[in-house]
Amino acid sequence: MSEPNPICVALDTPDLDRARALAKALKPHVGHMKIGMEFFYAHGAKGYEAVAAEGLPIFLDLKLHDIPNTVASGMKSLMQLSPRPAIINLHAAGGLYMMKAAADAVDGRAKLIAVTILTSLSNEDIWAVGFNAKQETSAHAASLAKLAKAAGLDGVVCSPHDLAGIRAVTGPEFLTVVPGIRPAEDASHDQKRIATPKAARTAGADILVIGRAITGSPDPVAAAQKILDELSHG
């Protein structure tokens, strides 16, 4: 699977006017917009629809994780947004039946993807919360991706470091949405398992989620275009 423009810019701000301005300015330079908790909890459906009105596909990043019935009901509600999200997600750690219930609720109206292991978590972090200490993040991410595929999902959110193992168990058509993307000159901030845009694409990422490297730049349009140019020129 391949995206013509793989950049998904993360509009991680509670400021509605700024989110709309960024969406309008960046529209010619990115392939998707990501709306996450910070924005959605501040502005809800009306704020979402104001940004989505700019016309780019939206990745609605709310990471649902609860009992199957609750997640299914939440997905049904989110499918009422206009326009509907192009991509929506949940936590794979919610289990097979939760993911199946969500897939049934979405019913093909959006790409449904599962978060595997957050990019902010190291091996030590996942072991501390109870993951098998004999396996590293990449092995656990691959297992969760395999479970997501078995549940009928369209893809996963994963670290660039986990792409090879996930591709090995899910195949090339399973969508990989990859945060933790930082141009070489940028700081890692609170993410630990990161990669440059080019390295992530080479490893098999379909969509690159990029936030602060673009939105925190003095010139977000120039920053997005620079990344796109670097990707386009191999």
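Along the sequence shown, the residues carry numbers beginning at 1.
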Determine whether [X] and [Y] make a side-chain contact, defined as any pair of heavy atoms from C-beta on separated by less than 4.5 Å.
| X | Y | result |
| --- | --- | --- |
| Val156 | Phe174 | yes |
| Leu112 | Met75 | yes |
| Leu22 | Thr215 | yes |
| Leu163 | Cys158 | yes |
| Val178 | Ser159 | no |
| Phe59 | Ile88 | no |
| Ile113 | Leu175 | yes |
| Val221 | Asp219 | yes |

Is it true that Asp206 and Arg201 make a salt bridge, defined as a side-chain N closer than 4.0 Å to a carboxylate O?
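Result for this pair is no, no salt bridge flagged.
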Side-chain heavy atoms under 4.5 angstrom apart, residues restricted to Ile, Leu, Val, Met, Phe, Trp, Tyr: same cluster for Ile117 and Val169?
no
Are Met99 and Ile67 connected into the same hydrophobic cluster when the rule is that any two of I, L, V, M, F, W, Y join if their side-chain heavy atoms are below 4.5 Å apart?
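Cluster IDs for Ile67 and Met99 differ.
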Using a 3.5 Å distance criterion without hydrogens, assess whether the side chain of [X] forms a donor-acceptor pair with backbone atoms of [Y].
| X | Y | value |
| --- | --- | --- |
| Arg18 | Pro14 | no |
| Ser217 | Ala213 | no |
| Thr116 | Val157 | yes |
| Arg84 | Leu81 | no |

Run the side chain to side chain contact (heavy atoms under 4.5 Å, CB included) test on Phe40 and Leu62 for me, step by step, so that the C-alpha distance in whole Å, both residues' side-chain angles and the decisive distance to 0.1 Å come before the verdict.
CA-CA 8 Å; Phe40 197 83; Leu62 299 182; 3.9 Å; yes
With side chain to side chain contact (heavy atoms under 4.5 Å, CB included) as the test, would you mind laying out the steps for Ile87 and Ile207 before giving the verdict?
CA-CA 11 Å; Ile87 306 170; Ile207 295 176; 3.7 Å; yes
Kindly determine whether His140 and Phe131 satisfy ring-ring contact (aromatic ring centres under 6.0 Å, His included), including the steps that lead there.
CA-CA 8 Å; His140 288 296; Phe131 280 81; 4.9 Å; yes
Verdict with reasoning, Arg167 to Thr176, per side-chain hydrogen bond (donor to acceptor under 3.5 Å, both in side chains):
CA-CA 9 Å; Arg167 283 290 183 216; Thr176 53; 3.0 Å; yes
Side chain to side chain contact (heavy atoms under 4.5 Å, CB included) partners of Lys63, counting only residues at least two apart
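Checked Lys63 against side chain to side chain contact (heavy atoms under 4.5 Å, CB included); matches are Met37, Asp61, Asn89, His91, Val115, Leu118.
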What heavy-atom pair brings [X] and [Y] nearest, and what distance separates the two atoms?
| X | Y | result |
| --- | --- | --- |
| Met33 | Val9 | SD-CG1, 3.2 Å |
| Ile7 | Ala224 | CD1-O, 3.7 Å |
| Met98 | Leu90 | CE-CD2, 4.0 Å |
| Ile58 | Ile35 | CG2-CD1, 4.1 Å |
| Pro160 | Ala200 | CB-CB, 4.2 Å |
| Pro85 | Ala110 | O-CB, 3.3 Å |

Decide salt bridge (charged side-chain N to carboxylate O under 4.0 Å, His left out) for Lys34 and Asp12; before the verdict, give the C-alpha distance in whole Å, the side-chain angles of both, and the deciding distance to 0.1 Å.
CA-CA 8 Å; Lys34 181 177 85 70; Asp12 294 327; 3.3 Å; yes
Criterion side chain to side chain contact (heavy atoms under 4.5 Å, CB included) on Val71 and Tyr97, from CA distance to verdict
CA-CA 10 Å; Val71 170; Tyr97 295 108; over 6 Å; no
I would like to know whether Asp125 and Ser122 meet side-chain hydrogen bond (donor to acceptor under 3.5 Å, both in side chains); could you show each step before the answer?
CA-CA 5 Å; Asp125 294 326; Ser122 66; 3.1 Å; yes
Solution key, residues 46-56 side-chain donor-acceptor pairs under 3.5 Å, sequence neighbours excluded:
residue, atom, partner, partner atom, Å
Tyr48, OH, Pro83, O, 2.7
Glu49, OE2, Ser82, N, 3.2

Between Ile227 and Ile210, does the side chain to side chain contact (heavy atoms under 4.5 Å, CB included) criterion hold? Intermediate values first, please.
CA-CA 10 Å; Ile227 293 169; Ile210 306 174; 4.0 Å; yes
